Amino acid sequence: MWKTYIKIAFRNIWKAKQITFVNVVGLSVAIAAAMLLCMTVYKEFSYDNFHEKGNRLYSVSKVLHEPEKISYMPNMPHPMGPTLKAEMPGIVNSVRMGNNSVALRVNGELKSISTIYTEPSFFNMFSFPVVKGEAKLGLTDIVLSEKSAVTLFGDSDPIGRQVELKTGDTWKALTVTGILKNAPENSSVGYATLIRLENHPDYTTNNNNWFNVSLETFVELQPGTDPETIRRASKAFLEKYFGEDIARQKNGGAKPGDYGAYQLLGLIPMREVHFSPHSNLGGEKKMLVLMLLFIAAFLLFIASINFVNLTLARSFTRAREVGMRKVMGAGKWQLSLQLWGEALLLFLISLLIGSLIAYLLLPGYNALFKSGVSFSLLLEPKFIAGIVITLLVVTGLAGGYPAAIMARAQTLMVLKGKMTTGKTNYFRNSLIVTQFVFSCLLIIATLIAWRQMDYLKNKPLGYNTSEVISVPVGPKENGKAVLERLRADLKGQPGIISMTGANANFGMGLDGSASTSIITWDSEGRELKAHWLGIDHDYAKTMSLQLVDGRDFSTAMASDSNGFVINEQMARQFGPGKGQVGFRFHLDDEDPTEYHVVGIVKDYHFKSLRQEIEPQLMHVLNGSDNVRYIFVRVAPGGLAASMDRVAAAWNRAAPQTPFIGSFVNENTDRQYRTEATLTKIFISGGVLTIIISCMGLFAMAVLIIGQRTREIGIRKVLGASAAGVVALISRDFLLLVGLAILIASPVAYFLMNQWLKEFAYRTDIHWSVFVLAGGLAMLIAALTVSFQSVRAALMNPVKSLRTE
């Protein structure tokens, strides 16, 4: 019997080759896409799940209630970790970490490498295996990762060997004590080398400074301690150490939050650090990952609808076969098993083909989305369970539902081939509508995301982005010295207009760094806040900043050492009659140094367009605050030649540091990698869902037209035109697509409006987007259905009337 069922299943599948092809191709493509997307989602949500104490580890942040918003401070001051451990019940351990690039010298060879300045408790809290030596971190020790050990020492054993660490203008000898296994790809904490925090250049200055926030801080809670208990107790703790700050918040009109606090500690579980809600980047990343999951579900759901709909429609064309089986004594379970078995066979074929497609596309997918996923993830129990559940649900609906209807039907009606699901076909139509709702959602989302990306790329930022080269200096060099050497080398060179330096970049450079410094101070009982930027002279000229009053810094003016160039927002924050050129102020009521405003520049977008322009103070860089980025403005023509000229001069000025210059517009575009990736996902998902939906619509039209062949012949004999027949057949399908557009439009508007709120500067959602998306969906659906409709309308009516 089983052999017979399998043979009949293959015969029925082969008999309906067109429908089988649509089913298998649509489901295979959807399975392949869903596999790739779900592997990415799985990897992202697996971050930091390998730490043995993971359920007791928390990242410490600070929540500040300001007059107009709630802000978050992810980094902590140097004393925070040890003081929490000493004074806060329930906290048994803490670790502080500062990431930086350092210059190391090994056997006279200078190398630049990233490091974590940290404490010995790092090894007690986190689970990073030691592969050689011991995890020992004294004042003169250094611990390496496997990769950095090869970088620094090649194939030789580094244990006990010495490296020299550059600290300022001196070198300090460190001994390699251990080698850690490379941090897993799904670790929020990455490392190349680990050095004791006391070796940080600013440690002595900041060790007891509660107002320099520069370290990541993690705490380990005592087993059974509720994080909310720590959060509640942090009110009194923060009032003790940040009383002046809290008083300024009150005076500024801030409203208290939970527990009547103006400041509270936020404890972020270790497994959520990757998606930290207190980080813009983390929040965007989580949204992107959830969108991947959403689109994977979209694709699989739409393909499954096709599968169920076509299997359902096809099953009712086999009414006589089912009737004969019932007459011959087949039971309900046998009918159900036969239809379910055929659906299962098709699904398994699609699963195998989809897996093969996913395997072949994986390298390109990893390159496009930088996901770094491995096919071995499919062997994870959760993945296997998901595939099995999907298989049972889809094949159960595709085979079980029609079988249940047929089993309940009268045998005589089934034998006559008059088996129907009802005149209105609610189930079939609702599935078609659902399919196109999802397709329209993705079309609209794609159009809106594309408009926003176009807006981000083309909005004037208030400074020159296309003709300025940004060069990171790196830790090996003295930035000011390199800048002066470049100035001398490139002076008078064709295409070079001006040059300057700063301690922060625009956007995100090729060194992967994007940072800003914020300073707050009291002024006549008010709290003022500004972004703090150190610059060299010719900054306004090089970046084409528009001076609205005053001047740029000048090497001829010694008084500029206590001067500031400010933006218009800063001038407004100072208040009427104060924020003008020549205005004198103190950065603290108790600070004896008097500063003055040298010039005012027109507001420009020094941060991404996600944020509104905020007050900014620009000061002259001195020896203790070195140039970290060099900017070279070049002539509009021959940009590539100018880049080569700057690169050659750099190799002469800093031969030990590779040149990694880029144009500023490349850096600013790099800020929006998440949005660019999201747009690619929308486009890819939209195209796939439309293709799969239209394949289903095409096959459904084939089946329905086949059922109405005799009706079409009678209409033509009675005088109906071919155009009239096409309109009759197409109308029902297009009405369903139109209904889907009406449902999808408000949902898409709400979802994309929420997404656009992430940007302080954004495009509007214009009505034309919905008209274009709806018109596109209708056009695609009309073309899909019309092909079969025209074919049926042109058929010889005599042949149509002979069709049983």
Side-chain angles (χ1 to χ4, degrees), residues 98-117 142 148 151-152 163-174 192-193 195 199-202 214 468-491 493 496 498-515 517 533-539 542-543 555 619-634 642-664 666-667:
N99 297 315
N100 210 343
S101 291
V102 295
L104 295 178
R105 194 162 59 190
V106 183
N107 296 328
E109 185 179 355
L110 191 63
K111 297 191 177 183
S112 176
I113 198 165
S114 65
T115 194
I116 293 180
Y117 289 101
I142 182 172
S148 61
T151 301
L152 295 175
V163 301
E164 292 178 285
L165 169 69
K166 187 178 182 182
T167 56
D169 295 326
T170 63
W171 293 89
K172 181 176 182 178
L174 302 176
T193 63
I195 300 172
N199 291 308
H200 194 286
D202 299 328
S214 56
V468 177
I469 298 170
S470 164
V471 188
V473 174
K476 297 180 184 178
E477 307 292 342
N478 181 306
K480 182 70 173 178
V482 173
L483 175 59
E484 294 308 322
R485 289 198 289 269
L486 283 175
R487 277 190 171 124
D489 193 333
L490 292 172
K491 185 177 181 180
Q493 292 272 357
I496 306 300
S498 63
M499 196 178 310
T500 190
N503 61 5
N505 205 354
F506 287 91
M508 183 174 289
L510 293 177
D511 61 343
S513 176
S515 63
S517 296
L533 176 67
I535 63 174
D536 200 67
H537 64 276
D538 288 340
Y539 190 79
T542 302
M543 301 310 305
T555 53
H619 68 97
V620 178
L621 283 168
N622 53 43
S624 63
D625 195 3
N626 210 348
V627 170
R628 297 176 186 172
Y629 297 91
I630 293 173
F631 301 98
V632 184
R633 183 178 171 190
V634 299
S642 295
M643 176 68 85
D644 292 339
R645 196 170 290 115
V646 172
W650 176 271
N651 292 332
R652 292 189 291 270
Q656 293 183 323
T657 301
F659 175 79
I660 50 172
S662 57
F663 284 98
V664 170
E666 297 172 340
N667 295 355

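Everything quoted here is computed from the prediction, not taken from an experiment.
- No donor-acceptor pair under 3.5 Å is formed between the side chain of N505 and the backbone N or O of G507.
- Listed by chain and residue number, F659 satisfy the side chain to side chain contact (heavy atoms under 4.5 Å, CB included) test with N651 (two or more places apart in sequence, or in another chain).
- I630 has its side chain within reach of W650: a pair of non-hydrogen atoms, C-beta onward, lies under 4.5 Å apart.
- By the 4.5 Å heavy-atom criterion applied to side chains, L104 and E164 are not counted as neighbours.
- Take Y539 and apply the ring-ring contact (aromatic ring centres under 6.0 Å, His included) test, not counting sequence neighbours, and it matches no residue.
- Taking CG from L490 and CZ from R485, the interatomic distance works out to 12.5 Å, rounded to the nearest 0.5 Å.
- Between D202 and H200, some side-chain heavy-atom pair lies under the 4.5 Å cut-off.
- Atom CE of M499 and atom OG1 of T542 lie 8.0 Å apart (nearest 0.5 Å).
- Using a 4.5 Å cut-off on side-chain heavy atoms (C-beta onward), L152 and K111 make contact.
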**OP:** Begin from the C-alpha positions of M543 and V468 and carry the test side-chain contact (heavy atoms from CB on, under 4.5 Å) through to its verdict.
**Re:** CA-CA 7 Å; M543 301 310 305; V468 177; 3.8 Å; yes

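- Q493 contributes atom CD, which lies 11.0 Å from atom CG of L486 (distance to the nearest 0.5 angstrom).
- Looking at V646 and I496, their side chains come closer than 4.5 Å, going by heavy atoms from C-beta outward.
- In terms of modelled atom types and a separation under 3.5 Å, the side chain of S114 and the main chain of S101 share no donor-acceptor contact.
- Considering every non-hydrogen atom in both L483 and G501, the closest pair reads CD2-N, 3.9 Å.
- Aromatic rings from F506 and Y629 are positioned such that their centres are separated by 6.0 Å or more.
- Within the 4.5 Å cutoff, no side-chain heavy atoms of I116 are placed close to those of T193.
- Scanning for salt bridge (Lys or Arg N to Asp or Glu O under 4.0 Å) contacts around R487 gives E484, D536, with sequence neighbours left out.
- Using a 3.5 Å distance cut-off with no hydrogens or angles, the side chains of S148 and T151 do not pair a donor with an acceptor.
- No side-chain heavy atom of V620 sits less than 4.5 Å from a side-chain heavy atom of I535.
- Heavy-atom minimum distance, L533 versus A504: CD1-CB, 3.7 Å.
- In this structure, M508 CE and S470 OG are separated by 12.5 Å, a value rounded to the nearest 0.5 Å.
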From CA spacing to verdict: side-chain contact (heavy atoms from CB on, under 4.5 Å), E477, Q656:
CA-CA 9 Å; E477 307 292 342; Q656 293 183 323; 4.1 Å; yes

field: L165/V163 under side-chain contact (heavy atoms from CB on, under 4.5 Å): CA gap, chis, key distance, verdict
entry: CA-CA 7 Å; L165 169 69; V163 301; 6.0 Å; no

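- A 4.5 Å side-chain heavy-atom check between V627 and N503 finds every atom pair outside the cut-off.
- Heavy-atom minimum distance, V473 versus G479: CG1-CA, 3.7 Å.
- Not counting sequence neighbours, D644 has no partner by the side chain to side chain contact (heavy atoms under 4.5 Å, CB included) test.
- Residues meeting the side-chain hydrogen bond (donor to acceptor under 3.5 Å, both in side chains) test with T555, sequence neighbours left out: none.
- Smallest separation of non-hydrogen atoms from P201 and Y117: CD-OH, 4.0 Å.
- Side-chain N or O atoms of R633 include none that pairs as donor or acceptor with a backbone N or O of S498 at under 3.5 Å.
- Residues meeting the side chain to side chain contact (heavy atoms under 4.5 Å, CB included) test with E666, sequence neighbours left out: S662, F663, R670.
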